[in-house]
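Structure first, commentary second.
What you see is a predicted model, and the numbers here were worked out from it, not measured in a lab.
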Amino acid sequence: MNVICFGDSNTYGYDPHGYFGGRYDGDSRWVDILASETGWTVSNMGENGREIPSAAPVLPEDTDLLIIMLGTNDLLQGRSPEQAAEKLNRFLSGISLDQNKILLIAPPPVQLGAWVPNQQLIDDSRTFAQLCQTLAEHLGIRFADAGKWDIPLAYDGVHFTEQGHKTFAAGLLEVLK
């Protein structure tokens, strides 16, 4: 299986404790854990700070599964959950893969922390997850809600801890069984 993981810093494996914004080691990043647990070829297309793009990425023809988790940065930049979901709808609609090859994951809700100063952002992240599920149903693509996996987040309220990556990988592996 050829799998592409397309997302933001939590896909990239950003370590919020690193002074220059480094990454966790491969054995602590959910994308790499997915590859080692399954034996699949898994490409990490995570990028720090990525908001939902206006156009779909060009994907290799032999892509068997595209895992997408986006939206947190859009909310952090002041977009409403509805605006982020509309952006995500346009993005997903431009992907040329069969619907059964796309898995949309709603990011876990943010928590109070250095990057999350108020309850409104937390509420917005929960609303966004619900909108992601509705969108996936509408588009006929697979869906998972990482908010149900109890992901430990770092001091900033946004990024996964090393244990958070392991917990996320475990939840994802259950979904992919």
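E137 places no side-chain N or O within donor-acceptor distance of the main-chain N or O of T134, the cut-off being under 3.5 Å. Using a distance-only test at 3.5 Å, with no hydrogens or angles considered, a donor-acceptor pair links the side chain of N44 to the main chain of T11. Judged by distance alone, the side chain of N10 and the main-chain N or O of F160 form a donor-acceptor pair under 3.5 Å. Using modelled atom types, one side-chain atom of R50 and one backbone atom of M45 make a donor-acceptor pair closer than 3.5 Å. Judged by distance alone, the side chain of T63 and the main-chain N or O of L65 form no donor-acceptor pair under 3.5 Å. In this structure, S125 contributes its side chain and V110 its backbone to a donor-acceptor pair below 3.5 Å.
In the hydrophobic clustering of this structure, L70 groups with L66; members are Ile, Leu, Val, Met, Phe, Trp, Tyr whose side-chain heavy atoms approach within less than 4.5 Å, directly or through other members. In this structure, W40 is not a member of the same hydrophobic cluster as I102, with clusters built from ILVMFWY side-chain heavy atoms closer than 4.5 Å.
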request  = Test side chain to side chain donor-acceptor pair (under 3.5 Å) on N73 and Q77 and set out the steps.
outcome  = CA-CA 6 Å; N73 288 313; Q77 292 302 317; 5.9 Å; no
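A side chain to side chain contact (heavy atoms under 4.5 Å, CB included) with I68 holds for exactly one of I105, L92, I141, L103; it is L92. Residue H159 is tested with Y12, F168, Y14 for a ring pair (Phe, Tyr, Trp, His ring centres under 6.0 Å); the sole match is Y14.
In this structure, T41 and V3 have side chains that are not in contact, with every pair of non-hydrogen atoms separated by 4.5 Å or more. V31 places none of its side-chain heavy atoms less than 4.5 Å from the side chain of L34. Residues D8 and T72 are in side-chain contact: their nearest non-hydrogen atoms beyond the backbone lie under 4.5 Å apart. Taking the side chain as every heavy atom from C-beta outward, S28 and K166 approach each other to under 4.5 Å.
A salt bridge does not link E162 to R29: none of the charged side-chain nitrogens sits closer than 4.0 Å to a carboxylate oxygen.
A donor and an acceptor atom, one from each side chain of Q120 and D124, are located under 3.5 Å apart. Residues Q163 and T167 have side chains that bring a donor and an acceptor to within less than 3.5 angstrom of each other.
For the atom pair CG (D74) and CD1 (I52), the distance works out to 4.0 Å, reported to the nearest 0.5 Å.
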